[in-house]
Amino acid sequence: RVIFNIVNFSKTKSLYRDGMAPMVKSTSRPKWQRLPPKNVYYYRCPDHRKNYVMSFAFCFDREEDIYQFAYCYPYTYTRFQHYLDSLQKRNMDYFFREQLGQSVQQRQLDLLTITSPAGRWSW
């Protein structure tokens with residue numbers, strides 16, 4: 001059993017106080033799963049300039065596995081681009097997507113404009 005302490009959270013209110021929990025997956029269990037909320041603690045820590053700490057306990061049950069942890073369900077850039085592509089194909093008059101440039105990793109940087117559908121303004 002290992003206790004992880006993630007330090008320097010600055011928010012007083014956090015979903016971790018309301019049952020949210022980090023995610024875990026491993027080579028033998030490839031789907032992301034939430035850790036049990038009873039093993040997750042979110043508290044202010046005087047040792048870290050009174051910033052908040054999120055701590056969680058985890059039992060590594062398979063020595064040969066590789067484990068990964070995440071703050072929440074991972075949402076990949078590729079998945080997001082596919083979602084934006086599907087929105088763009090719908091030709092909605094209130095959704096506009098244009099490329100601002102590229103990231104250091106040569107990924108498209110999008111500017112999304114979402115407005116009220118035509119004729120819905122009551123000026």
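Positions are given from 1, in the same order as the sequence printed here.
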Residues two or more places apart in sequence or in another chain: which of them pass side chain to side chain donor-acceptor pair (under 3.5 Å) with Arg34? none

Examine distances only and state if a side-chain atom of Tyr67 and a backbone atom of Arg62 form a donor-acceptor pair shorter than 3.5 Å. yes

Who are the salt bridge (charged side-chain N to carboxylate O under 4.0 Å, His left out) partners of Asp47, not counting sequence neighbours? none

Are Phe69 and Phe4 near enough that their ring centres are under 6.0 Å apart? yes

Answer with yes or no whether the hydrophobic clustering places Ile3 together with Ile6; edges join I, L, V, M, F, W, Y residues whose side-chain heavy atoms lie under 4.5 Å apart. no

With a sphere of 6.0 Å drawn around CD1 of Ile66, does it hold more than 12 non-hydrogen atoms of other residues, nucleotides or ligands? no

Between OG on residue Ser28 and CD on residue Glu64, distance to nearest 0.5 Å: 7.0 Å

Which side chain to side chain donor-acceptor pair (under 3.5 Å) pairs, counting each pair once, include a residue from residues 36-46, with sequence neighbours left out? Tyr43-Ser55

Between Arg79 and Pro74 the two heavy atoms that sit nearest each other are NH1-O, 4.3 Å

Looking only at heavy atoms, the pair that brings Met20 and Cys72 closest together is CE-CB, 4.2 Å

Point-to-point distance, once rounded to the nearest 0.5 Å, from CD of Gln33 to OG of Ser26: 8.0 Å

Who clusters with Met23? Use side-chain heavy atoms, under 4.5 angstrom, across I, L, V, M, F, W and Y, and order the result by chain and number. Trp32, Tyr73

Would you kindly confirm whether Phe96 and Tyr83 end up in one hydrophobic cluster when ILVMFWY residues are joined by side chain heavy atoms under 4.5 Å apart? no

Let me check something: do Leu84 and Met92 share a hydrophobic cluster, defined by ILVMFWY side-chain heavy atoms less than 4.5 Å apart, either directly or through other members? yes

Non-neighbouring partners of Asp110 that pass salt bridge (charged side-chain N to carboxylate O under 4.0 Å, His left out), sequence neighbours left out: Arg97

Hey, mind stepping through Asp61 and Arg1 against salt bridge (Lys or Arg N to Asp or Glu O under 4.0 Å) and telling me if it holds? CA-CA 9 Å; Asp61 58 347; Arg1 179 178 166 149; over 6 Å; no

First locate atom CG of Leu100, then atom CG of Leu111, and finally report the distance between them rounded to the nearest 0.5 Å. 4.5 Å

Taking a hydrophobic cluster as the set of Ile, Leu, Val, Met, Phe, Trp and Tyr residues connected by side-chain heavy atoms closer than 4.5 Å, whether directly or through intermediates, do Leu87 and Phe80 fall within one such cluster? yes

Look up atom OG1 in Thr115 and atom CZ in Phe95, then write down how far apart they are to the nearest 0.5 Å. 11.0 Å

Can you name the side chain to side chain donor-acceptor pair (under 3.5 Å) partners of Thr27, sequence neighbours left out? Asp65

Value for CD (Gln108) from CD (Gln102), rounded to nearest 0.5 Å, stands at 8.0 Å

Gln99 (side chain) donor-acceptor with Gly101 (main chain) under 3.5 angstrom: yes

Evaluation steps, ring-ring contact (aromatic ring centres under 6.0 Å, His included), between Phe60 and Phe58: CA-CA 6 Å; Phe60 292 90; Phe58 185 78; 4.9 Å; yes

Would you say Val7 ends up clustered with Val40 if hydrophobic residues are merged whenever their side chains have heavy atoms under 4.5 Å apart, either directly or through other cluster members? no

